[in-house]
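None of the values given here were measured: they were computed from a predicted structure. Order of the sequence lines fixes the chain letters, A, B, ..., with proteins taken first and strands second; residue numbering starts at 1 for each chain. What's counted below: heavy atoms across the whole structure, side chains too, no hydrogens, waters or symmetry copies.
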Amino acid sequence: MSAAEQPTSAVTPGAAALEVDDLEVTFHRRGRRLPVLKGVTLKIERGQAYGLVGESGCGKTTLAMAAMRYLASNGTLDNGRVLVDGQDVSTLSEEALRKWRGGKVAMVYQDPTQALSPAMRIGDQLAEVYHYHEGMNKKEALEQARESLRRVAIPDPDGTLRRYPFELSGGQQQRVVIAMALAVNPQLLILDEPTTGLDATVEAEILDLIEELRGRINAAILLITHNLGLVVRLCERVGVLYAGRLVEEGSAKEVFTDPRHPYTMGLLRCVPRFGMNKTDAALQTIPGTLPALGDPLEGCVYSARCPMAQPVCKRREPDFYAWPGDAAIRGQAEAEAMPPDPAAYSPHHAMPVGESSRHTRCYFTADVESMPHLTPVLATSLDERGGDTDVLDIDSMVRTFKDGSKKLTAVANVSLSLKKGETFGLVGESGSGKTTLAKCVTGLIPADSGTVTFEGGILKSTAGKRSQDALRAIQMVFQNPDSTLNPAWSTRQILTRAVRKLGGAKEGSVRAKVDKLSADVRVEPRFLFQRPTELSGGQKQRIAIARAFAGDPHLVICDEPASALDVSVQASILNLLVELQTKEQASYVFISHDLAVVRYISDRIGVMYLAELIEVGAAADVFDPPHHPYTEALLSSIPRLDFEKQRDRIPLRGSMPSLTDPPSGCRFHTRCHRSLGDICAQQVPPDMDAGNGHTYRCHIPPDELLALQQAGASEPEPAETL
Amino acid sequence: MPDDRPTPFGPDPDLREESMQLGADPEMIELRADAASEGRDLELPGGDHKSKALEADAAATAEQKRQRRYLVKALLRSPTFMVGLIIVLFWVFMALFSAFITQSPTLTDPNISLAAPSASHWFGTDDLGRDVFARTMAGARTVLIIAPLATLLALLWGGIIGLIAGFWRGITDEIIMRLIDVLLALPIIITSILILSLLGKGTAIIIVAIGALFTPVVSRTVRAAVIGEREREYVMAARLRGERSAFVMVREILPNITQPIIVEGTIRLGYAVFTAATLSFLGFGLAPPSPDWGLTISVERVFLQIAPWTVLFPAAALASLVVAVNLITDGLGRTFSK
Amino acid sequence: MLRLIGRRLLLMVPTLILASILIFLLAEVLPGNVGRSILGQYATPEDVAALNRELGADRPLVVRYVAWAGNFVTGDWGESPVQKVPVRPYVMAALWNSLILAGFALILIVPTSIVLGVFSGLRRDSALDRVITVSTLSMTVIPEFVSGVVLLYVFAVWLKWLPVTALAPEGAPFYERLYYLILPAIPLMFLELGYIARMARVGTVQVLSMPYIRTAVLKGVPRSRVVFGHVLRNAMVPTVTVIGSQVGWLIGGLVVVETLFSYPGIGKVMVESALNHDVPVLEASVLMVAVVYMFANLVADIVVALLNPRIRKGG
């Protein structure tokens, strides 16, 4: 065995688990060089967990792939080194590389449903790892595979070995992928967005599993994510990546509580904190957009979007200064001393990484604390928005689908009402019936039974049967920015058509109305001549919002309008919706799986579980005890940005029951941690009244529930805003 | 520079992430940026005079023109497309003008029957002493009349049926698809033999027969494309705007499925050439003395051993045409899928 | 799995009934007058009427269809008015000959096209990939009588490696019959090669770009295992589906190749009976082809289901 093919269990003494040194990666496309990563230096000590955050396209995954020596065929590593456990990855022979992948470094991927070979049994896929890394025969390898499944707490490991991936739920598939990654006891475990796309409660289970496994394995972790809460939950250290540069690095707690780079600050400010509401504070946005790959970048990569940028920032890129001390003093000094002519400046090349534990790539580190807030509070109180008259009243709506020979109930007997100018947030995990409910209200699909009363009149079941006035008054904003606009039409055509059909405007005023709409949603007029494919996701969603507001609607249903967007864009879309509501006094039904977002934007909230609306009330009431045990569990599962207030998670038992065969009695009883026993399984619970219009469907009365739930956790306060 | 050779399996994983950020390929963006600035210029002078509606449409037409110009540019850069196009244009030219270039394809001369290729008869002569070169050039005519017209018929019928079946779904769709299944339960060449043996021969009948037989396949393609579009959110938005079904079908969905329809059309064109030639080879097409390639090969093949030129030249001509049509298809498909 | 086969078999019944109605209508109704179409335009009206009576062609349509279908199912396929022979042995012998030719062609087609397709998929965008793709596709789009004539000239007339005819002398052993079938089988192979190879290539390329292949590579599985264990297994599903759907083209190809090589198979019988207005033979042969075609599709579906656990387990 050559030196390069050392056994995977051997550990080089003193070496860090991962060391990335001045890494530069470039993609080549049609003769153009598109730099993806530049000057990235980071180090993960053995056993440490390191979070790498940044918005999509900033190069996070490329870094992971470089560490795996698995760059795309048009990507090259132009400079720098990647060392895993002291071993330079680029020097490995083919065979050593094979042993090293999966042996020393293992990876968990974003979409578990795509990460497993669909035509191969789970057992064979796991056994493969043992066979090729440990030389076990098939029987031994399968035995080990069973053990590994047990380790990741999969129910029925024996049965799972014989199953195919499609027979497992997403959460279970991710457990299998994790088991596979940990099979050979790697030194470094790379988690690439390991919970993105999973439901909140499943995400929490996976996070619990990772946390628990960390105690038992000695692998260091590189967590790649856009979700800052995940980093808070799992990592000691964090690096913030922007446009291929590491802009800030340090202990997770310090970076998130005392950020020293304007981009980090911007990211933290544009995510709604848990418990925050639009009437308390506005979400701050980051102006502009991420530079596209290959855009020329002069000076600091962030200077084009930075609210504190000075002329010097555009001239020369700051070094990665150590903080505190070095950065504040040297950065400022350099900025002041820099001659007006950049050509006369000789670059300063001291690379101060190493001793200090915090670094930031900014000249004006000391000023980040006082970075200006750009957005004022936009929302007025509900009373000022109208508030008193009922706009929408849904009474016992039922909608079923055929699933083969079975009947699938997607909306089961839901009733709710909505006042003028109010935002009703609808939360629930995927498959809970949120979108079906929305489609029934808009008439995209007819409900089986139940009535929808809108401004005093009963609505016809489908859009086709409704009057033009009714259509105009109820509009919808959809989830997917890429398909919400007709790609064959120009933006102006889209808005013109909407104004003509919905606005009821006279021919002459159509153009004025289109211009006003686009100004309202802050889309520059030049974009009106472009097609949707040429717009960014945020711009598309703005046009979609403008289209919905073409006829001055009274009710707009927003189905996850910002979940496909990056956080900074999400913030500006949410702000826009709040602003339009204040101006137009429209009511919203706002659907989202993101509890913090719903809490931020909603006046009242409804929680759906398995097609039923199990809890309704004012936003603050629903989020505080007493509330439905499901809501309680759901809230506890969200990874938060607050370091002090990490609460114990309430694990849910079992998995989500099927909609074709929902549990008897209380639908939640099979998973409930506060179950009372037989009564929950046998009797449909009543809607308990917790006062102030807050009701929840449970057998436990409010006072008892309050006592139970307060015993568990302290009340979360709205986080202080940065 | 260390050995950083990518693995052969590298599927550009991150590039996809990055290109989503890019929105589209960079050249496309540059071209479109140009186009957008043109658009602004175009809008200014007309602003006060034109009716507003007209103006919005004008801007949109300009946009469509730009889009088209971009596609044309991309196609002109595709070698497969260009080679195919040149060959097809050559045969179209010959179909139209060979009468002025060559001697008559039906002129017989018993004295020189089955003469080998020579300076006076480049491709030799056939059993009746007809010039094989003249016949080969003129042979393009029938197939170039039959195949495009049959294809257009199939696109028209299939397009309408596919749009309706895909958009309305439900019982209409169920019935149409069942019928199509039955029609496709027999190989096309056999159904066409059945039809032609009973309806008789003739160019018009062949065109209608091939058009009708290709209709089910086209309507399947169109239906699949419509189904892919109709669940998209912009269609829902149109319904919430109170648009009529016909408007949604024709104005909203149709413009977004033109590319699969065009590709399907060129595929069918290739098949139509293939089918028309095969039918005349089998004796269900035209009658002698037509210089049609399939017919000529069928009639002259008894001379393959003593006068192979009578068969091989029309065979090569036919092969060049079908390959050319398919090269065009390939070029279009590649350009569209970029 | 058994339920899947059963359901597919049941679905074939209405399709076959509809197809038989279609065939019956096309063969008997469209020409208008059966007796006239057999006897030709110079026969006297009396003779035509007599023949129609004899054939039962003057009865109502539905009655005739039911009688015809009933006879067909019970094995009474009638007698050919042109060949003056019983239809069933005549058609079945031809069908058998065709099955031998088609089977031989399939044995050539499937491995060749899959190997070529997977190979060019693995070496995607290389020069070799382009060569394979363009040449196989060209072979496929060229009508089989064109490639057949050229091959016949090159290998039989010019090089004299292979016989000019497709039918071995009476009583020749089986391997010699196959030797005679090589030349007709190659145009059939060309006909299918491009599409199946293309599908195998596309399937391979697609699977290679799937995240689960990345998983396999990054868990340290050797390359050969990735290709044979992960890529092939998943790429075969669309390929086999296409092989099934291409059987129709193979039958179309048989019609032409049998005519070109004067091989007494069902395709040649069909063409001749169509040209000679031999209605009972035409009906029987077309219907048999439809039956074979549907069974071939069924077999392909079963193989696909065997390869794809989702269908297999879904029942």
Check your understanding: When rounded to the nearest 0.5 angstrom, what is the spacing between OG1 in A/Thr442 and CZ in B/Arg239?
Key -> 8.5 Å
Review point. Got A/Lys501 and B/Phe247 here, is their nearest side-chain heavy-atom distance under 4.5 Å?
Key: no
Point to revise | Closest approach of B/Leu240 to A/Ala463 (non-hydrogen atoms, all atoms of both residues) | key: CD2-CB, 4.3 Å
Check your understanding: Looking at A/Pro487 and B/Asn256, what are the two nearest heavy atoms and their distance?
Key -> CG-OD1, 3.2 Å
Check your understanding: Do other residues, nucleotides or ligands put more than 12 heavy atoms under 6.0 Å from the CD atom of A/Gln468?
Key -> yes
Check your understanding: Taking atom CG of A/Leu471 and atom CD of B/Glu243, what is their separation to the nearest 0.5 Å?
Key -> 10.0 Å
Review point. Can you tell which of A/Ile474, A/Thr484, A/Val477 has the highest number of heavy-atom pairs within less than 4.5 Å of chain B?
Key: A/Thr484
Point to revise | Side-chain donor/acceptor of A/Asn486 to backbone N/O of B/Tyr234, under 3.5 Å | key: no
Practice item. Write down the atom of A/Asp482, the atom of B/Arg232, and the distance for their closest heavy-atom approach. Key: O-NH1, 4.2 Å
Check your understanding: Can you tell me how far the CG atom of A/Asn480 sits from the CD atom of B/Glu233, to the nearest 0.5 Å?
Key -> 5.0 Å
Practice item. Side chain from CB out, backbone as N, CA, C, O: work out which of these in A/Arg466 comes under 4.5 Å of a heavy atom of chain B, or both, or neither. Key: neither
Revision key, fill the gap. Rounded to the nearest 0.5 angstrom, the CZ-CZ distance for B/Arg241 and A/Arg547 is 7.0 Å
